[in-house]
Amino acid sequence: MLKQCEVVPCMRSAEVFDRVEAGSVQAAVIPIENTLAGTVAEHADLLVSRNVFIQGEHLLRIVHNVIALPGVKLSAVHRVMSHPVALDQCRDFFRRHPGIEAIPFYDTAGSVKHVITDKLKDAAGIAGHQAAREYSGKIVQASIEDDKRNFTRFFLIRKSTASKRVKNHPSQRRREAKQPGFSANAFASNVEYRRMIPRGANKTSIAFQVKNVPGALFKSLSVFALRDISLSKIESRPMRGRPWEYVFYVDFLRGDDEPARNALWHLGEVAEFVKVLGIYRSA
């Protein structure tokens, strides 16, 4: 996704977004969805609440390996650490090895570093083969993911120069729905916003909340159907601080063209709020 860059490690997902918003890094790459484990919920929430913009996506084949200290055999391992999303992609491994405990860790590669640095002889980490090379670990069992068609979708995000954060208070949301970054009728005239869209962009990710009235979701989705715009994904997430209210996430296969702008304009008329999360080239 990025051919030349200096990698800056972060302990937590929120720190990644903090650095992007503060400008201490120029961009960040975040996992957003896995074909086995589904959406990375925290990242989906942060895309809505933070002042960032998606400028690219990348699909990566994921191979998970059990990595231990050199000389340690799998039979000696009683606990395996990794990121919760990675653990969720390896359920069959733990089903076949009931004596091994799955322990959530902050990072896949970090779990291997922890095992090797602390010389843990009864533990291992789950990570890619690069982690084994980086920390001089030994792969005691390779390719343990549940399905070999295991892919993770990553987003390239940058600080947005146009959008605002979504506020939880309904009256505040209504006011901000009229500002650039939420209401589609402001997109076309916002020069800074349009500069963020990469050349050849043909895919758009948005988030919106529907009004609590009959037929609201139908009306929201009809703005795309009426213009023959194909949706490649739709799902809902709970809105934090608003019990039993939901944000809908939609990906559709159009870039910044007239039908897409008209659809977003129309959506802004029927939805409680709309935020364009990014416009980018489809992987």
Side-chain angles (χ1 to χ4, degrees), residues 1-2 5-20 24-25 27-46 58-157:
M1 184 176 284
L2 297 173
C5 66
E6 178 186 352
V7 178
V8 178
C10 297
M11 289 286 290
R12 299 175 297 108
S13 295
E15 182 185 351
V16 176
F17 285 79
D18 288 343
R19 286 179 175 270
V20 173
S24 63
V25 296
V29 176
I30 61 165
I32 189 61
E33 183 181 13
N34 177 263
T35 52
L36 299 182
T39 296
V40 182
E42 182 181 7
H43 292 173
D45 293 340
L46 286 167
H58 178 72
L59 304 181
L60 181 66
R61 166 77 167 89
I62 302 297
V63 178
H64 289 305
N65 310 287
V66 181
I67 304 171
L69 276 169
V72 172
K73 296 182 179 181
L74 182 62
S75 58
V77 173
H78 300 296
R79 51 198 175 107
V80 171
M81 295 170 278
S82 195
H83 190 279
V85 175
L87 295 175
D88 200 36
Q89 297 168 28
C90 304
R91 297 177 186 175
D92 291 344
F93 170 80
F94 291 103
R95 196 173 293 117
R96 292 193 303 269
H97 299 85
I100 297 179
E101 181 184 5
I103 299 177
F105 205 76
Y106 76 90
D107 182 51
T108 53
S111 69
V112 175
K113 180 181 179 181
H114 176 60
V115 168
I116 302 303
T117 301
D118 289 14
K119 296 181 170 54
L120 304 178
K121 296 183 179 181
D122 66 338
I126 289 178
H129 63 275
Q130 178 65 29
R133 291 201 299 264
E134 183 72 24
Y135 301 114
S136 300
K138 177 189 175 184
I139 296 177
V140 295
Q141 187 160 333
S143 190
I144 65 166
E145 63 276 6
D146 293 346
D147 193 301
K148 304 313 172 188
R149 295 167 294 180
N150 183 27
F151 290 86
T152 294
R153 180 186 180 206
F154 290 85
F155 279 155
L156 171 67
I157 61 172

Pairing residues for [X] by the salt bridge (charged side-chain N to carboxylate O under 4.0 Å, His left out) criterion, not counting sequence neighbours:
X      : result
Asp107 : none
Arg96  : none
Asp147 : Arg149
Glu134 : none

Using the test side-chain hydrogen bond (donor to acceptor under 3.5 Å, both in side chains), find all partners of [X] that sit at least two apart in sequence or belong to another chain.
X      : answer
His43  : Ser13
His83  : none
Arg153 : Glu33, Glu57, Asp251, Tyr280
Glu42  : none

So which heavy atom on [X] is nearest to which on [Y], and how close?
X      : Y      : answer
Val66  : Ala124 : CG1-CB, 3.6 Å
Val20  : Ala28  : CG2-CB, 3.6 Å
Ser136 : Ile116 : O-CD1, 4.4 Å
Ala27  : Leu156 : CB-CD1, 3.8 Å

CG of Leu59 to OG1 of Thr152: how many Å apart, nearest 0.5 Å?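 Result: 9.5 Å between the selected atoms.
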
Using 0.5 Å steps for rounding, measure from the CG atom of Asp146 to the CG atom of Leu36.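 Separation between the atoms: 6.0 Å.
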
Review item, side-chain donor-acceptor pairs of residues 67-82, under 3.5 Å, at least two apart:
unit_1: Arg79; atom_1: NE; unit_2: Asp122; atom_2: OD2; d: 3.4
unit_1: Arg79; atom_1: NH2; unit_2: Asp122; atom_2: OD1; d: 3.3
unit_1: Ser82; atom_1: OG; unit_2: Ile126; atom_2: O; d: 2.7

List for me each residue that meets ring pair (Phe, Tyr, Trp, His ring centres under 6.0 Å) alongside Phe105, sequence neighbours excluded, and say none if there are none.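 With sequence neighbours excluded, Phe105 shows a ring pair (Phe, Tyr, Trp, His ring centres under 6.0 Å) to His114, given in chain and number order.
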
How would you list all residue pairs meeting ring-ring contact (aromatic ring centres under 6.0 Å, His included) that involve residues 127-151, not counting sequence neighbours? none

Please tabulate, for the side chains in residues 86-95, all donor-acceptor contacts under 3.5 angstrom to protein atoms that are two or more places apart in sequence or on a different chain.
unit_1: Asp88; atom_1: OD1; unit_2: Arg91; atom_2: NE; d: 2.7
unit_1: Asp88; atom_1: OD1; unit_2: Arg91; atom_2: NH2; d: 2.8
unit_1: Asp88; atom_1: OD2; unit_2: Arg91; atom_2: NH2; d: 3.3
unit_1: Gln89; atom_1: OE1; unit_2: His64; atom_2: NE2; d: 2.8
unit_1: Gln89; atom_1: OE1; unit_2: Asn150; atom_2: ND2; d: 3.0
unit_1: Gln89; atom_1: NE2; unit_2: Asn34; atom_2: OD1; d: 3.4
unit_1: Gln89; atom_1: NE2; unit_2: Val85; atom_2: O; d: 3.4
unit_1: Arg91; atom_1: NE; unit_2: Asp88; atom_2: O; d: 3.4
unit_1: Asp92; atom_1: OD1; unit_2: Arg95; atom_2: NH1; d: 2.5

Indicate yes or no for a side-chain donor-acceptor contact from Arg61 to the backbone of Lys148 under 3.5 Å, with no hydrogens or angles considered. yes

Looking at Lys138, I'd like to know if its NZ atom is crowded, meaning that more than 12 non-hydrogen atoms belonging to other residues, nucleotides or ligands lie closer than 6.0 Å.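 Enclosed: over 12 neighbouring heavy atoms sit under 6.0 Å from NZ of Lys138.
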
